[in-house]
Amino acid sequence: MNIILFGPPGAGKGTQAEKIANHYNLPHLSTGNIFRESIKNETSLGKKVKAILDAGNLVPDETVVDLVASELYKSEYNEGVILDGFPRTVAQAESLDDYLEENGKKIDFFITLSVPEEELVNRILSRGEGRSDDTPEKVKTRLQVYRNETEPVMNHYKAQGAVKEINGVGSIEEIFGRIKDTLG
Ligand code: AMP
């Protein structure tokens, strides 16, 4: 089962992706986590993307697509994957479509978590994960980037009829319950 977990920053993608991963025994692939880990370990990828993450901007498509392609190639993703934070541009979605088609795979569920913008900001500013991009100014940038570059990805998948919109307001368990109802 291949799932895309989609939504604005602060919608709870990371939290729910981990719960889905545990419940359905699927590997969780978060591009944001890979970038943060690379920055922490001061790898060449980390050095390349640090200033971009700090600013709340998007890493160039080519870098992200190369990263995801080299990950998905691993055998641990043979049975499926839960993608969290990717694709984030229409170009990334198109690359993913090509990759899946070439490998005889498809996206089974595109789940988008909807949360009002005011709540997103409150959640991010109070989550205390120590992320360099969780400041009021960076959150504003990230939401703008989401609206301009990432939201159109949803229309791309709507055209394929794969989109399931889930109310992302409530407790972690309530939201996970809605996701399970959708995934069956
Ligand atoms: P996230 O943990 O998903 O909120 O991602 C944190 C940051 O990593 C984003 O603000 C971007 O700078 C970068 N990033 C993560 N995934 C992508 C992606 N698919 N495309 C471009 N940049 C990304």
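Since the model is a prediction, treat every value here as computed from it, not as a measurement. One-based numbering, in listed order, for ligands and for the atoms of each.
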Worksheet item: Can you tell which of Ile3, Thr31, Ile4 makes a side chain to side chain contact (heavy atoms under 4.5 Å, CB included) with Leu83?
Response: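 Answer after filtering Ile3, Thr31, Ile4: Ile4.
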Fill in: Test applied, side chain to side chain contact (heavy atoms under 4.5 Å, CB included); reference residue, Arg142; option that passes from Asn57, Asp134, Thr150
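In the set Asn57, Asp134, Thr150, the residue that makes a side chain to side chain contact (heavy atoms under 4.5 Å, CB included) with Arg142 is Asp134.
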Take Thr112 and Glu165 through the test side chain to side chain contact (heavy atoms under 4.5 Å, CB included) and record every step on the way to the result.
CA-CA 5 Å; Thr112 177; Glu165 190 167 341; 4.0 Å; yes
Notebook entry, point to check: Taking all non-hydrogen atoms of both residues, which atom of Tyr24 and which atom of Met1 are closest, and how far apart?
Noted result: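 Minimum heavy-atom separation between Tyr24 and Met1: CD2-CE, 3.8 Å.
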- Taking all heavy atoms of Pro136 and all of Leu125, pick out the closest pair and write down the distance.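 For Pro136 and Leu125, the tightest heavy-atom pair comes out as N-CD2, 3.7 Å.
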- Evaluate the ring planes of His23 and Phe176, with Trp represented by its six-membered ring, and classify them as parallel (under 30°), tilted (30 to 60°) or perpendicular (over 60°).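 Perpendicular, since the angle between the ring planes exceeds 60°.
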Item checked: Under 4.0 Å from ligand 1, counting heavy atoms only: the protein residues, by chain and number ->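 For ligand 1, the contacting residues are Thr31, Gly32, Phe35, Arg36, Leu53, Asn57, Leu58, Val59, Val64, Gly85, Phe86, Arg88, Gln92, Arg131.
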